[in-house]
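What you see is a predicted model, and the numbers here were worked out from it, not measured in a lab. Just so it is clear, the values below take in all heavy atoms, side chains as well, and ignore hydrogens, waters and symmetry mates.
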Amino acid sequence: MANERMNLMNMAKLSIKGLIESALNLGRTLDSDYAPLQQFFVVMEHCLKHGLKAKKTFLGQNKSFWGPLELVEKLVPEAAEITASVKDLPGLRTPVGRGRAWLRLALMQKKLSEYMKALINRKDLMSEFYEPNALMMEEEGAIISGLLVGLNVIDANFCMKGEDLDSQVGVIDFSMYLKEGPIAKSSEEDVQITAILDQKNYVEELNRQLSATVNNLQTKVDALEKSNTKLTEELAVANNRIITMQEEMERMKDDSTLFSKGNKHDRTADGQTLSEVRKHLKEETQLRQDIEKELEVQIGMRQEMEMAMKMLDKDVCEKQDALAALRQQLDDLRALKHELSFKLQSSDLAVKQKTELNSRLEEKTNQMAATIKQLEQRLRVVERDRLEAENANRLFKQEFGDKIESLQMEVDQLRKQW
């Protein structure tokens, strides 16, 4: 239960945050077709259903969050208006549909957070509907009611007269929170996959309970059919007996007419016989009426059982569809997780390669720095040698310049002479 509460609270945070951000980006009044808003109501429905006590009915155990929502009008007088509106809405046949309509009207009123807070503060009243460790009875419920305050910044408008709120299947679509934005962290993926697995197990358990209820109802229908057949046979026998008694009474009347002139003692005996026959006929008629009434009751019960069977079959089909959708979402999540793991491995490999390349580049850089340092030292040595050579050349010119010029002149003169 603690894990379920944590998962539901995390889903409520994601749903409320995504709804507020998308609504502000959209910049217009939201309606019932807006996907993030639909998912928000699904998440709220799961939060309100968590830890509900089951109430036994003719069709089996029933869990509905409409009971706690009806208490709000006693705690907050402003809620009486939307409660009355929900009760007056045509087409709402189930408590679940009325609860969904109440949530939509409360959001339109921008009082949903206030109403939830009023409910959570009265745990003495909530204990009638919820288990002690339910979300609405613990700290997570107070956190969610605080998060709902942020929804007061959005505007919503719903037309519920033509909307079928009774037969909607409330399945959380986790893909809305996984496919948007950057790659999710592994912890968030684990939380979401755990929530889907919990929801899948819950639907499977509910499906098993519905199958057991269907089997029990089928057994009751068979017993009612046998009882109905028996009552039909008894009714036929009673009808035959009544016809026989009527024929006997007619015969007695004829006998009484034929022997009306007989002695007084015979007439008295015939009269007593006729009275007994009439009394017996009256008893048989009363028995027939009782049997017919019981047959009508049995037929009505059989019709109710057939209607319950049809509703349960429809519910089972819806749950199976929801289970199939959950399995598909689980497969998608697994594929997404596999893809993210592959991307993560690829990223790790790329980082490793870049790290190795960086290390090699640093090593080459160090080698080049050492080479440059050596070249700089050689350059300084060469520069020093060049300066020394220039100085020696300058001194040589200063010392032997005049001698070289005089010798050159002598050479020139000698050439002229020759």
Side-chain angles (χ1 to χ4, degrees), residues 53-64 66-67 70 87-88 90-98 128 166-167 206 208-317:
K53 292 181 179 179
K55 293 184 179 181
K56 294 183 178 179
T57 62
F58 177 73
L59 298 177
Q61 293 183 346
N62 182 26
K63 292 184 179 181
S64 173
W66 171 239
E70 279 188 300
K87 292 179 179 179
D88 294 338
L92 294 180
R93 302 181 300 276
T94 62
V96 175
R98 288 190 284 271
E128 179 183 353
D166 293 318
S167 60
L206 186 59
R208 285 194 291 270
Q209 293 179 1
L210 288 174
S211 299
T213 305
V214 169
N215 294 331
N216 293 333
L217 287 175
Q218 186 63 44
T219 304
K220 291 180 181 179
V221 169
D222 294 338
L224 285 174
E225 288 179 351
K226 293 179 181 178
S227 177
N228 190 14
T229 304
K230 185 178 179 181
L231 287 174
T232 305
E233 293 175 354
E234 291 180 356
L235 181 61
V237 172
N239 288 331
N240 293 332
R241 292 180 64 184
I242 289 172
I243 292 172
T244 304
M245 293 299 295
Q246 288 176 349
E247 293 176 352
E248 186 177 355
M249 188 177 67
E250 293 294 333
R251 185 175 58 79
M252 292 298 295
K253 286 181 179 180
D254 294 338
D255 292 341
S256 174
T257 302
L258 291 173
F259 295 100
S260 60
K261 296 181 179 179
N263 55 32
K264 184 178 181 180
H265 183 270
D266 292 338
R267 286 197 304 271
T268 303
D270 292 340
Q272 291 177 354
T273 304
L274 184 60
S275 299
E276 291 177 358
V277 170
R278 288 177 176 174
K279 182 178 180 181
H280 192 57
L281 179 62
K282 186 176 181 181
E283 292 176 355
E284 292 292 337
T285 304
Q286 185 65 35
L287 178 62
R288 178 183 178 182
Q289 292 176 354
D290 294 340
I291 292 174
E292 288 178 349
K293 289 180 180 178
E294 187 175 358
L295 181 61
E296 291 177 356
V297 172
Q298 293 291 335
I299 291 173
M301 291 179 63
R302 180 180 178 182
Q303 292 176 350
E304 291 180 358
M305 294 294 287
E306 289 177 352
M307 181 62 67
M309 287 285 291
K310 291 180 181 178
M311 292 177 64
L312 282 173
D313 288 338
K314 182 180 178 181
D315 199 7
V316 167
C317 293

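Applying the salt bridge (Lys or Arg N to Asp or Glu O under 4.0 Å) rule to Lys314 yields no partners; only residues at least two apart in sequence or on another chain are considered.
Here salt bridge (charged side-chain N to carboxylate O under 4.0 Å, His left out) pairs that include residues 281-291, with residues two or more places apart or in two chains, are Arg241-Glu284, Arg288-Glu292.
To the nearest 0.5 Å, atom CD1 of residue Ile291 and atom CD of residue Gln286 are 10.5 Å apart. In this structure, Glu294 CD and Leu235 CG are separated by 11.0 Å, a value rounded to the nearest 0.5 Å.
Smallest separation of non-hydrogen atoms from Lys87 and Glu70: CE-OE2, 3.5 Å.
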